[in-house]
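Take a look at the structure set out below.
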Amino acid sequence: MINQLSQHDLEHVYASAINTIQYEMNFQDAVKELESAALAGHGKAAMFLAELYYQGFRVEKDSMKGQYWQNLATLQA
């Protein structure tokens with residue numbers, strides 16, 4: 001279960017999701033991975049999601065979701 005991963009392991013999940021976006025252009029899977037990492041406590045993943053939703057980059061633009069992820073990132077800082 002991802003909630004039981006260490007920060008090091010969460011960083012690996014985050015890096016994997018970023019690679020999925022950059023090299024495979026598979027945003028759907030990457031967003032799921034980022035959400036899992038963010039919910040498990042990875043602040044960079046939450047902030048990355050906030051930016052995706054605020055900008056509407058390869059996801060439906062949604063300021064409410066952007067604010068949710070930004071707030072979560074702030075709590076994790």
Side-chain angles (χ1 to χ4, degrees):
M1 180 172 236
I2 198 160
N3 290 334
Q4 299 172 351
L5 295 177
S6 69
Q7 283 298 315
H8 176 75
D9 291 335
L10 288 174
E11 184 66 25
H12 180 71
V13 171
Y14 171 76
S16 174
I18 298 302
N19 283 336
T20 299
I21 289 171
Q22 290 177 336
Y23 299 109
E24 298 175 28
M25 302 300 284
N26 185 342
F27 286 85
Q28 187 175 9
D29 288 346
V31 168
K32 287 179 187 175
E33 289 179 30
L34 289 168
E35 287 176 351
S36 294
L39 291 171
H42 195 273
K44 285 194 298 187
M47 200 62 210
F48 193 87
L49 284 165
E51 289 300 318
L52 287 179
Y53 283 109
Y54 278 135
Q55 295 176 15
F57 185 74
R58 302 289 179 144
V59 295
E60 186 175 335
K61 191 172 185 175
D62 187 330
S63 62
M64 293 297 285
K65 283 184 180 179
Q67 185 175 10
Y68 170 81
W69 293 113
Q70 185 175 12
N71 289 342
L72 188 62
T74 301
L75 291 173
Q76 295 168 345

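A side-chain hydrogen bond (donor to acceptor under 3.5 Å, both in side chains) check over residues 68-77, counting only residues at least two apart or in different chains, returns the pairs Y54-Q70. Note on residues 59-77: no pairs pass salt bridge (Lys or Arg N to Asp or Glu O under 4.0 Å), not counting sequence neighbours.
Summarising the geometry of A37 relative to A45, their closest heavy-atom pair is CB-CB, 4.0 Å, with the distance given to 0.1 Å. Of all heavy-atom pairs spanning G66 and A50, the tightest one is O-CB, 3.3 Å.
Hydrophobic clustering (side-chain heavy atoms under 4.5 Å, transitive across Ile, Leu, Val, Met, Phe, Trp, Tyr) keeps L49 apart from M47.
In this structure, the salt bridge (Lys or Arg N to Asp or Glu O under 4.0 Å) partners of E11, at least two apart in sequence or on a different chain, are K44. F48 is linked by a ring-ring contact (aromatic ring centres under 6.0 Å, His included) to nothing, counting only residues two or more places apart in sequence or in another chain. With sequence neighbours left out, the side chain to side chain contact (heavy atoms under 4.5 Å, CB included) criterion links A17 to A30, E33, L34.
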For residues 18-27, which side-chain donor-acceptor pairs fall under 3.5 Å, sequence neighbours excluded?
| unit_1 | atom_1 | unit_2 | atom_2 | d |
| --- | --- | --- | --- | --- |
| N19 | ND2 | A15 | O | 3.4 |
| T20 | OG1 | S16 | O | 2.9 |
| N26 | OD1 | D29 | N | 3.2 |
| N26 | ND2 | D29 | OD2 | 2.8 |

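Once rounded to the nearest 0.5 Å, the distance linking CD of E35 with CG of L52 reads 10.0 Å.
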